[in-house]
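Computed over heavy atoms, backbone and side chain alike; hydrogens, waters and symmetry mates excluded. In what follows, chains are A, B, ... by sequence order, proteins preceding strands, each numbered from 1. Keep in mind that what you see is a predicted model, and the values were worked out from it rather than measured.
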2 protein chains.
Amino acid sequence: MAIMADSPADRVEQAVAARLRSHDVRFTTTRRLVVRTLAGARGPLAAGELHQALPRAVPLSSLYRTLAVLEESLVLAKQHDDLGMGRYELAEWLTGHHHHLVCESCGEVRDVTVSPETEQTITALVSRLASRAGYRATGHRIDIQGTCRACRAL
Amino acid sequence: MAIMADSPADRVEQAVAARLRSHDVRFTTTRRLVVRTLAGARGPLAAGELHQALPRAVPLSSLYRTLAVLEESLVLAKQHDDLGMGRYELAEWLTGHHHHLVCESCGEVRDVTVSPETEQTITALVSRLASRAGYRATGHRIDIQGTCRACRAL
DNA sequence: TTCCTTGCAAACGATTTGCATTGGA
DNA sequence: TCCAATGCAAATCGTTTGCAAGGAA
């Protein structure tokens, strides 16, 4: 039997495993399931959504603890959506830099990537704006509000 | 005594008064104080900050109700910061379109405006990205993360 | 054994709401 | 007068934490 090529999800999982190992944090079953689920998602998930999406039941308190551990290990990044709910996604060193598309009708949040050239333009703009106000820019976040196709079809 | 020229804050207050009138919503003292305070702020304020900043004590529950009324009347816009706390600011039809600078050290959020030309470039980019994913863009939000001068001096 | 991780239940903090009271057009 | 606005206290909801039990090294 031939050796299988790594799927992107596999590569993510291996990278996470390495990172956790080097931080002396165990890669338990629940943690692995969370990483896998987020790797398969199209955008950041709220704790409740993740709770639904997991292949096996995990109490919310445990899930939150898992998320906290993975966030501290910089495996996950946490944001808050327009309703103030925490949303979790794989950190950008695992997925690449990207932005979010938010459907104002159903609340879905979806990843979008920008070409490196455009991203560079944005970064330059952002740095300029920041320094003009006495800030040193370290990053940026762009949320595009809109309506998804499904909601428009309703 | 000569008639005083309207200050920007006055103009905002008059515009708000007109809007509330046409929506049959009273412009009470507390509501006026909230609008004035937000008009004088450098960025969106959390309910707690607003509570501190108001010239006279207003119970938090009343403050939240005031904020809800003003938000429904589209006088205020509400966002959530990185910690998930609600932050309120005057709606963009009163202040103009702008973005936010967020100090990752002290949490301060400050308004920044972008030149119309740049803003137009951003809008075009955003529309393109959205439609590529089947979305129709209706707006965008840019948060610039960084460190403010005060925090850098520490 | 010795930590780390789990699950349940209780605690939390921001925000919201029920209800009786107050106040302005 | 009379409905809207207020203040207080209690309820909500997402999230966090204390503590005892279970698991892996």
Any side-chain N or O of A/S61 under 4.0 Å from OP1/OP2 of D/dT17? no
Classify the nucleic acid contact of B/S62 as base, sugar-phosphate or nothing, counting any heavy atom under 4.0 Å across all strands shown. base
Can you tell me the distance, in whole Å, between the CG atom of B/D24 and the P atom of D/dC3? 15 Å
A quick test of your reading: do over 12 heavy atoms of other residues, nucleotides or ligands sit less than 6.0 Å from CD of A/E92? yes
For D/dC3, does either OP1 or OP2 sit under 4.0 Å from a side-chain N or O belonging to B/R26? no
Is a donor on one side and an acceptor on the other found under 3.5 Å between the side chain of A/R110 and the backbone of A/H100? no
Can you check whether any acceptor in the base of D/dG14 is under 3.5 Å from a donor in the side chain of A/R87, or vice versa? no
Would you mind reading off the distance between A/L20 atom CG and C/dT5 atom P, rounded to a whole angstrom? 10 Å
Tell me whether A/R152 at atom CZ has more than 12 heavy atoms from other residues, nucleotides or ligands lying less than 6.0 Å away. yes
Options D/dC19, D/dG7, D/dA5, nucleotide nearest the side-chain atoms of A/R65: D/dC19
A/E49 CD to D/dG14 C1', in whole Å, measures 13 Å
Does a side chain donor of either B/H140 or A/Q145 reach within less than 3.5 Å of an acceptor in the other side chain? no
Among D/dT6, C/dG7, C/dT5, which nucleotide sits nearest the side chain of A/P59? C/dG7
Between atom CG in B/L70 and atom P in D/dA5, what is the gap in whole Å? 10 Å
Counting only side-chain heavy atoms from C-beta out, which of D/dT15, D/dG7, C/dT5 sits nearest to A/Y64? D/dT15
Separation of D/dT16 atom C1' from A/E72 atom CD, nearest Å, is 13 Å
Across the strands shown, which category fits A/G86 at heavy-atom distances under 4.0 angstrom: base, sugar-phosphate, nothing? sugar-phosphate
Rounded to whole angstrom units, what separation is found between the CG atom of A/L83 and the C1' atom of C/dT16? 14 Å
Expressed as a whole number of angstroms, how long is the span from B/E71:CD to C/dT15:C1'? 12 Å
Phosphate OP1/OP2 of C/dT6: any A/T30 side-chain N/O under 4.0 Å: yes
Over how many whole Å does the gap from A/L63 atom CG to D/dT16 atom C1' extend? 13 Å
Earlier contact from the 5' end, DNA chain C, for B/G48 and A/T66: A/T66
Categorize B/A47 for me: base, sugar-phosphate, or nothing, with a 4.0 angstrom heavy-atom threshold over every strand shown. sugar-phosphate
Tell me whether the OP1 or OP2 atom of C/dT5 has a side-chain N or O from A/R31 closer than 4.0 Å. yes
Polar contact flag, side-chain donor to acceptor under 3.5 angstrom, B/H98-B/E89: yes
